[in-house]
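For reference, the structure is listed below as structure tokens.
Chain identifiers are assigned alphabetically (A, B, ...) following the order of the sequence lines, protein sequences preceding nucleic acid strands; residue numbering begins at 1 within each chain. Please read these numbers as outputs of a predicted model, since none were measured by experiment.
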Amino acid sequence: MQSIQTEVLVIGGGATGTGVMRDLAMRGFKTILVEKRDLSHGTTGRYHGLLHSGGRYAVKDPDAARECIEENLILRRIAPHCIEDTGGFFVVTPWDDPAFGDTFMKGCQETGIPCEEISIAQMLKEEPLLNKEMARCFRVPDGSADSFLTSECNVASAKAYGGQMLNYHEVKRLIKEGDKVVGAVCYDLVNDRDVTIHADLVVNASGAWAGKIAGSIGIDVHIIPGKGTMVAIAHRVLNTVVNRCKMPSDGDIIVPVHTVAIIGTTDVKVEDPDQFAIQPWEVQLMLDEGEKLVPGTKQMRMLRAWAGVRPLYQETSVADTRDVTRAYTLLDHSARDGVDNFITITGGKWTTFRQMAEVVVDRVCEKLNTKRECRTHLEAIPDIQHEPRTAEGYYWLGSRLARTEKNKAYGELACECELVTRAEVEEAITKHEAKTFDDIRRDTRLGMGPCQGGFCSYRATGILHTVRQPSIEETNVALRDFLQERWKGLLPILWGPQLKQERLDELMYLHVMNVDHMPGETASRLGPQMYDKGTVETRPQSAKT
Amino acid sequence: MNEITIIGAGMAGLMAGWQAAKQGKKVKIVAKGWGATHWLSGCIDIVGYYPVDGTEVVENPVAAVKQIITDNPQHPYGLVGLDDIEAMISALKDECAAAGYPLHGELHRNWLLPSAVGTLRPTCLAPEMMIAGDMRQNSPLLIVGFKQLMDFFPNVVSDNLNKQGITAAQAMVDLRVLRERSFINPVILAEMLEQPAVQKELANQIKPHLGQAERVGFPSVLGMDQAMTVKKELERLLGRPVFEIPSLTPSVPGMRLHHILTQAIVSAGGRIENGMEAIGAKKENGKVTAVYTSTAARPHPHRSQQYILATGGILGGGITTNSDGDVREVVFDLPVTAPLKQVDWFHQDFLDKRGHPIYQSGLSVNKQFQPLDDGGQPVYGNVFAIGTTLAHCEAIRERSFEGVALATGYALARQLGAT
Ligand SMILES: Cc1cc2nc3c(=O)[nH]c(=O)nc-3n(C[C@H](O)[C@H](O)[C@H](O)COP(=O)(O)OP(=O)(O)OC[C@H]3O[C@@H](n4cnc5c(N)ncnc54)[C@H](O)[C@@H]3O)c2cc1C
């Protein structure tokens with residue numbers, strides 16, 4: 001078995017893990033991060049896309065609100081290329097209590113969140129599609145954030161400081177010697193073999209899976225997986241983040257992210273973070289709630305639905321997952337469980353990943369008896385995009401169009417929907433080590449537009465086969481994996497124009513290309529894991545109304 | 001007043017319009033666009049896989065069609081019968097041959113032609129442009145791609161062919177005329193390849209790669225109107241048969257066929273009005289008296305004795321669905337046969353061999369192609385439906401897409417002409 005030695009091993013390639021990796025590497029620790037699939041494969045890549053101002057928690061959870069606004073300001077400074085400054089509204093709809101507006105204002109003041117009330121006329125001027133019957137509207141500094149890009153940039157920055165990242169490496173179990181954790185045994189999915197990594201210290205940043213990792217050496221970490229389903233409207237119906245001004249609930253936020261607008265989310269307790277089917281009632285609820293904010297939502301074209309699992313940590317079990325605190329949890333297992341050299345960090349939010357990393361690495365320093373200052377809030381995270389667009393900042397379709405026009409690269413577009421060029425796909429494969437088309441997608445947004453991979457999947461197949469020259473069976477299965485991956489997210493929202501689109505994709509891939517008769521396997525280890533089929537058709541009692 | 005108004009200008013509508021006009025009927029086609037022809041392979045599939053979840057490719061469509069009719073009499077082929085399929089094929093072959101763009105093939109045997117990923121595609125009729133690619137004969141091939149065309153990768157084709165025991169090499173050409181352009185697609189390329197100088201440069205670049213190849217395959221871009229001339233010239237320059245492989249949209253071979261069919265309608269005295277979306281109909285005493293198309297000012301009525309619905313099902317937009325799980329026929333609001341519950345619309349795998357049940361949604365019709373109500377009675381005396389708007393058929397999984405459209409269009413027109 002292959003064996004590697006490092007100082008600190010970080011488990012999990014989400015926002016938290018990549019943030020920890022960067023902080024460790026910047027403070028001079030020899031660091032390896034392992035992720036079982038690709039970066040952002042977990043909750044980080046399936047979240048809502050909101051850079052919280054803290055407004056959502058201002059009344060219910062002031063600690064979380066304070067953490068959010070602090071980090072919101074830091075992230076805007078260190079990662080402007082990952083953030084779009086959309087601004088945010090909290091709106092009082094006809095279904096909400098207008099008096100909550102004052103409670104909300106007060107909460108914001110007490111937690112340091114800049115907040116001003118604006119007139120409904122002004123609100124409609126900025127967002128004409130919003131419900132005209134709104135009673136009040138408050139402006140807060142919410143934003144929209146690209147979590148894929150942030151994870152990538154964090155890792156690139158860590159690598160520049162000597163860190164190492166191994167994706168498609170799944171931790172099978174921790175290795176414990178006496179009362180110390182000394183490393184982990186990982187399964188390398190690409191090469192189908194086990195790899196042992198020895199480390200002085202292990203940081204468990206595996207989000208909703210943290211309990212499973214700790215459980216491999218008999219430590220009980222109680223995570224309540226809280227599933228949230230989101231639905232993407234095929235275009236940006238809003239340019240501002242819009243939240244319902246009430247106690248946090250289901251389907252009460254719409255976030256404009258890149259080319260789409262996302263309605264979310266539900267919150268349902270699930271048994272296992274790997275088993276979370278999207279139920280039809282969840283999609284219906286998102287549409288009904290979306291309709292209240294933006295009338296006409298139900299008639300709009302939906303692009304995809306997906307679900308993420310909140311990693312909510314709780315020592316004592318609580319029935320309603322929404323009442324569990326969102327503030328993060330750091331567990332030093334030496335004090336808690338008598339097992340040394342092992343730290344778990346879980347909970348929190350995407351917005352607070354940097355602070356969570358800072359706290360973890362402070363603890364790492366303490367445990368390894370060294371004093372090194374955190375600098376992640378001071379030093380900007382480098383931009384790794386194909387063509388850094390610092391002038392335009394966060395990617396929106398217009399900036400890609402301008403670049404395409406400037407370079408006269410119309411013929412170079414592999415994905416017309418998201419304006420991704422052949423060179424970007426090639427770079428994702430060669431430099432960013434994309435292994436599957438889905439990795440290329442996270443890197444470039446290939447296949448994320450209205451046709452959902454219809455035109456670009458074939459082109460990506462050809463580019464991958466040309467650049468990497470794998471066996472033809474590997475190329476074939478990569479294409480089939482990707483077609484299935486796109487399908488998976490479409491299933492819950494297939495009706496109307498998107499259903500028509502999918503039939504067209506069938507016409508191209510089955511009728512014209514006959515991809516259902518390609519040599520080789522029909523699916524690979526690296527392919528998508530399907531949500532189990534939705535069976536519950538009505539809303540379970542435990543969820544909120 | 002028109003005798004027949006056809007809604008939809010896909011394969012089914014065009015075939016019905018052409019045949020009805022040929023029989024002296026006064027025909028008008030109204031359509032919002034051009035149907036699926038511009039997406040298709042340019043071949044005529046009758047049936048390629050049956051049963052759809054089996055592993056065997058259909059060698060003899062006659063036998064497979066018979067089996068389909070036995071297994072599922074409601075299948076569109078059950079309404080049409082083998083004789084009309086035969087008759088449709090010979091009418092189409094005659095017309096294409098007369099247009100200088102011959103189709104080849106017989107109903108009792110399928111070709112096996114390569115696809116743009118190098119799989120072997122069973123199809124019944126293929127344009128002469130494609131038949132040298134038949135894989136039932138195993139002679140070495142060279143597959144050629146164009147560096148600037150991302151819609152065709154010759155290495156994917158050749159590697160998959162090799163994997164299936166067929167000797168194939170590949171070459172990528174980099175034509176000077178293409179280097180100068182910022183954008184190309186199959187249609188632009190097809191038009192450029194009609195120039196003799198471009199053909200010559202192409203042949204010159206290919207020659208060093210010929211090796212042991214006995215035939216040369218290209219993406220389907222070898223000329224638009226002049227395709228047969230381009231093919232012959234390349235064959236002369238290369239000293240070997242050449243053939244096309246259907247590539248991604250826009251489909252040049254599909255456009256060529258479409259052109260032949262629309263010309264045939266016009267020559268037979270029919271009319272086609274495009275850019276007209278049918279949105280509703282006026283119904284009086286069990287008959288339809290007008291179909292409305294949307295215009296800027298007000299719905300525009302089209303009056304006719306008979307109406308043929310050829311709106312292409314879910315793909316064509318003739319049948320729509322919504323988030324509440326409703327499945328609707330958009331022009332006449334005819335009863336649709338569809339899965340009862342929305343949770344039953346799909347299987348979990350995109351490529352599930354059985355096909356997704358929602359796509360079999362459509363109209364149930366009698367042998368006269370009249371849509372039926374729940375009691376099995378015709379809804380309107382003068383409305384007929386053809387093509388993929390019909391239920392009880394998974395045309396993409398079966399590889400019967402063109403066959404179902406053309407055969408139902410042909411059979412209905414013959415019936416209407418006889419009355
Ligand atoms: C529906 C929903 C919406 C949300 N929206 C927002 C929002 O808008 N704004 C916001 O700030 N926060 C939001 N959050 C919260 C936020 O997404 C999460 O708090 C954050 O992404 C968690 O990151 P993480 O790195 O801790 O966990 P993850 O992103 O889940 O990372 C854990 C990683 O560990 C990997 N892993 C698991 N097991 C193993 C193993 N055995 N070996 C190796 N690797 C393993 C997983 O593949 C995964 O990539 C949302 C959460 C949910 C559920």
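In this structure, the side chains of B:L40 and A:L507 come closer than 4.5 Å at one or more pairs of heavy atoms. Between A:L499 and B:I358, the closest side-chain pair of non-hydrogen atoms falls below 4.5 Å. Counting only heavy atoms from C-beta outward, the side chains of A:F455 and B:D151 never approach each other to under 4.5 Å. At a threshold of 4.5 Å between non-hydrogen side-chain atoms, the residues A:L504 and B:W39 count as touching. A:L510 places none of its side-chain heavy atoms less than 4.5 Å from the side chain of B:F401. For the pair A:R480/B:F350, no side-chain contact is recorded, criterion being any heavy-atom separation below 4.5 Å from C-beta on.
The two atoms that bring B:I314 and A:K500 nearest to each other are O-CG, 3.3 Å, heavy atoms only. Between A:G462 and B:V156, the shortest heavy-atom contact is CA-CG2, 4.0 Å.
Per-residue counts of heavy-atom pairs under 4.5 Å with chain B were compared for A:L287, A:T522, A:T466; the largest is that of A:T466. Most heavy-atom pairs under 4.5 Å with chain B: of the set A:V283, A:I472, A:D505, A:V515, this distinction falls to A:I472. Between chain B and the residues A:T475, A:I463, A:T461, the largest count of heavy-atom pairs under 4.5 Å involves A:I463. Options B:Q164, B:H356, B:M172, B:R399 differ in how many heavy-atom pairs under 4.5 Å they form with chain A, and the most are formed by B:R399. In terms of non-hydrogen atom pairs under 4.5 Å with chain B, the most contact-rich of A:R486, A:H465, A:M518, A:K408 is A:H465.
Between B:Y49 and A:H517, the ring-plane angle classifies as parallel under the 30° and 60° cut-offs.
Contact annotation for B:T123: neither backbone nor side-chain heavy atoms come within less than 4.5 Å of a heavy atom of chain A. Only the side chain of B:D45 comes within contact range of chain A, judged by heavy atoms closer than 4.5 Å. Heavy atoms of A:M508 lying under 4.5 Å from chain B belong exclusively to its side chain. In this structure, chain A has a heavy atom under 4.5 Å from the side chain of B:L248, while its backbone stays farther away. Contacts of A:L490 with chain B are absent, with no heavy-atom separation under 4.5 Å from either backbone or side chain. With a 4.5 angstrom heavy-atom cutoff, A:Q469 does not touch chain B via any of its atoms. Interface residue A:L494: backbone and side-chain heavy atoms are both found under 4.5 Å from chain B.
Of the possible polar contacts, one joining the A:Q484 side chain to the B:Q348 backbone as a donor-acceptor pair under 3.5 Å is found. The backbone N or O of A:Q284 lies less than 3.5 Å from no partner atom in the side chain of B:S323, so there is not a single donor-acceptor pair. Of the possible donor and acceptor atoms, one in the side chain of A:N514 sits under 3.5 Å from a partner among the backbone N and O of B:L120. A:Y458 places a side-chain N or O within 3.5 Å of a backbone atom of B:F153 that can act as its donor or acceptor partner. Looking at B:T321, its side chain does come within 3.5 Å of a backbone N or O of A:G496 through a donor-acceptor pair.
Taking OG of B:S400 as the reference point, atom NE2 of A:H511 lies at 9.0 Å (rounded to 0.5 Å). From A:M513, atom CE reaches atom CD1 of B:I245 across 12.5 Å, with rounding to the nearest 0.5 Å.
Under a cutoff of 6.0 Å and an axis angle of 45°, A:R503 and B:Y359 form a cation-pi pair.
The one candidate from B:P246, B:S247, B:S251 that meets the side-chain contact (heavy atoms from CB on, under 4.5 Å) condition with A:V512 is B:P246.
Look at B:R397 and A:D516 and you find no salt bridge, because none of the NZ, NE, NH1 or NH2 atoms lies under 4.0 Å from a carboxylate O.
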